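First the structure, in the form of structure tokens, and then the observations on it.
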Number of protein chains: 2
Amino acid sequence: MNNMLNDEAIYKKILKSIVEHQLPPGARLPEDKLSEAFGRSRTSIRKVLQRLALERIVTIEPNKGAHVNRPSEQEAQEILDSRIMLEPLLIPEIMKYWSKANSKYFRAMLKEEKQAEANEDQAALIQLTAQFHYELAALSDNSVMADFIQQLCYRSSLIIAVFGSRHSVSCDCGDHLELIDLMDNKQDEKAQDWMKHHLIHIKSSLKLGVSDGQKINFQQLFANTE
Amino acid sequence: MNNMLNDEAIYKKILKSIVEHQLPPGARLPEDKLSEAFGRSRTSIRKVLQRLALERIVTIEPNKGAHVNRPSEQEAQEILDSRIMLEPLLIPEIMKYWSKANSKYFRAMLKEEKQAEANEDQAALIQLTAQFHYELAALSDNSVMADFIQQLCYRSSLIIAVFGSRHSVSCDCGDHLELIDLMDNKQDEKAQDWMKHHLIHIKSSLKLGVSDGQKINFQQLFANTE
DNA sequence: CTAATCAACATTGTATACAATCAACAAAAC
DNA sequence: GTTTTGTTGATTGTATACAATGTTGATTAG
């Protein structure tokens, strides 16, 4: 079993479960249940939950505890817009140090993506898609920016859980390969453009502005069922 | 006295003291002393310190406690580079909703800056300079970006404490007014350029790459003192 | 039968007690 | 005299106890 994990390990386990949609947005995260599951006191769990709350992965309401964050439509737009602004900007920085080894590493990752797609392993697919983006960002020589991008990628996974269509994740799976090709061929501007349009495409695949989520018209919904 | 402040208030008080260099980089932040000062248990203090640690304002070393973060030269460069990238990008977003009221508000803030400069109130000056930048960013319609900029501004205050020359803060004090003028006159591109060069100027005023900080040559330093 | 009130339970918030770790100083060995 | 080792004191790490709050379900009045 999970005997005696340290705080960091607990953090990663919970984060992974959230990113992979095993714990969906809105899910309660009761301290004592988690405390029991990890074999640690509530104190340690609280610490982890507070960290996740600051990273906007979970929300903590006073006296109501922690829930997996359910991003609002506005939050979703802001996060995607930020990524559309930032990730293309980092491409030139990344290409300054782009090497054969890098290319090989990312191509291997894309093989895993294909594999996950073939296995219909949705969890792995979501995780790998995010990983592709933030490991790329990590190759820039600016870890401050890279950390921020990583956070945005994790939060994007929540967005997909709430607003994503079936296609949101899978349809761009072959696409990532195109970027690596462009980078191998030193096509700076094209790579930058590609990244921008890739993210715009993801944003437009989200079901934003379709409904207000809460305001469901039950009358209409169950109109002709009898 | 400070009877019964909530966590948020404690957080703000400590953050303010750090930003204003009352608590300089490297300063120890012992839990029990703070606990005594604020009249709360160590639990509350720990929560605040952990938050500040995630925001990179303080560092927590296991079994050694919390210290005000002393940014490395690399961290300083990364943060300034990030600001040089991002803040100009937000200018067009800000100008979309720029109003007379905004202009008035910021002009008032600049009066305070001038006042602080006249009084040689270094603490207020640092705080107001940072505030100018992050309140401007907050006018964009992207709070995700705005929050990130705010964090970078706070961290910049630490950078100035470590690498800043006397001029770092004060010399750009009149400058901010130029930006407001440009924005009032709808000079988008010039405002963007101005912001970029303003930040580059701040970066270049830092004493980066001068010494390694630690490796002091005492032989050379005290060569001809006798 | 519906609505409101109250009681019991479950969950989080806070403080404190105890264990573990580290730092500094003193004493002893080389 | 220098280095090593050991002991003491201070500080952080963790768990738990108790208080405060929220939620649920039952009981009673309308």
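Bear in mind the structure is a predicted one, so any value in this text is a computation, not a measurement. Per chain, numbering begins at 1; letters A, B, ... match sequence-line order. Both backbone and side-chain heavy atoms feed into the values below; hydrogens, waters and symmetry mates do not.
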Is the side chain of Ser156(B) donor-acceptor paired with the backbone N or O of Ile159(B) at a distance under 3.5 Å, no angle test?
no
Taking only N and O in the side chain of Arg40(A), is any of them less than 4.0 Å away from OP1 or OP2 of dT14(D)?
yes
Measure from CG on Leu49(B) to P on dG13(D) and round the result to the nearest Å.
10 Å
Does Glu75(B) come within less than 4.0 Å of Arg56(B), counting only side-chain N to carboxylate O?
no
Rounded to whole Å, please give me the gap between CG in Asn6(B) and C1' in dA15(C).
17 Å
Where the side chain of Ser41(A) is concerned, which of dT11(C), dT14(D), dT14(C) is the nearest nucleotide?
dT14(D)
Distance, rounded to the nearest Å, where Lys47(B) contributes NZ and dG13(D) contributes P:
17 Å
Can you give me the closest heavy-atom contact between Leu89(A) and Leu89(B), atom names plus distance?
CD1-CD1, 3.4 Å
Rounded distance in Å - CD1 (Ile10(B)) to C1' (dG13(C)):
14 Å
Figure out the CZ/P separation between Arg46(A) and dA15(C), and round it to whole Å.
12 Å
Worked verdict on Met109(A) versus His176(A) for side-chain contact (heavy atoms from CB on, under 4.5 Å)
CA-CA 10 Å; Met109(A) 193 188 296; His176(A) 282 163; over 6 Å; no
Between dT16(D) atom C1' and Glu36(A) atom CD, what is the distance in whole Å?
16 Å
Rounded to the nearest angstrom, tell me the gap between atom CD in Glu61(B) and atom C1' in dG13(D).
15 Å
How does each nucleotide of nucleotides 17-24 of chain C score, in 5' to 3' order, for protein heavy atoms under 4.0 Å: base (B), sugar-phosphate only (S), or none (-)?
----SSS-
Would you mind reading off the distance between Ile45(A) atom CD1 and dG13(C) atom C1', rounded to a whole angstrom?
16 Å
Steps toward side-chain contact (heavy atoms from CB on, under 4.5 Å) verdict (Leu136(A), Met195(A)):
CA-CA 11 Å; Leu136(A) 203 62; Met195(A) 180 62 95; 3.8 Å; yes
Closest to the Arg28(B) side chain, choosing from dA15(D), dT11(C), dT11(D):
dT11(D)
Glu8(A) with Arg51(A): basic N within carboxylate O range, under 4.0 Å
yes
Ignoring hydrogens and angles, tell me if any N or O in the side chain of Glu78(B) forms a donor-acceptor pair with the backbone of Val144(A) under 3.5 Å.
yes
So if I take every side-chain heavy atom of Glu31(A) and compare against dG13(C), dT11(D), dG13(D), which nucleotide ends up nearest?
dG13(C)
On DNA chain D, more 5' by nearest nucleotide between Thr43(B) and Lys33(B) is Lys33(B)
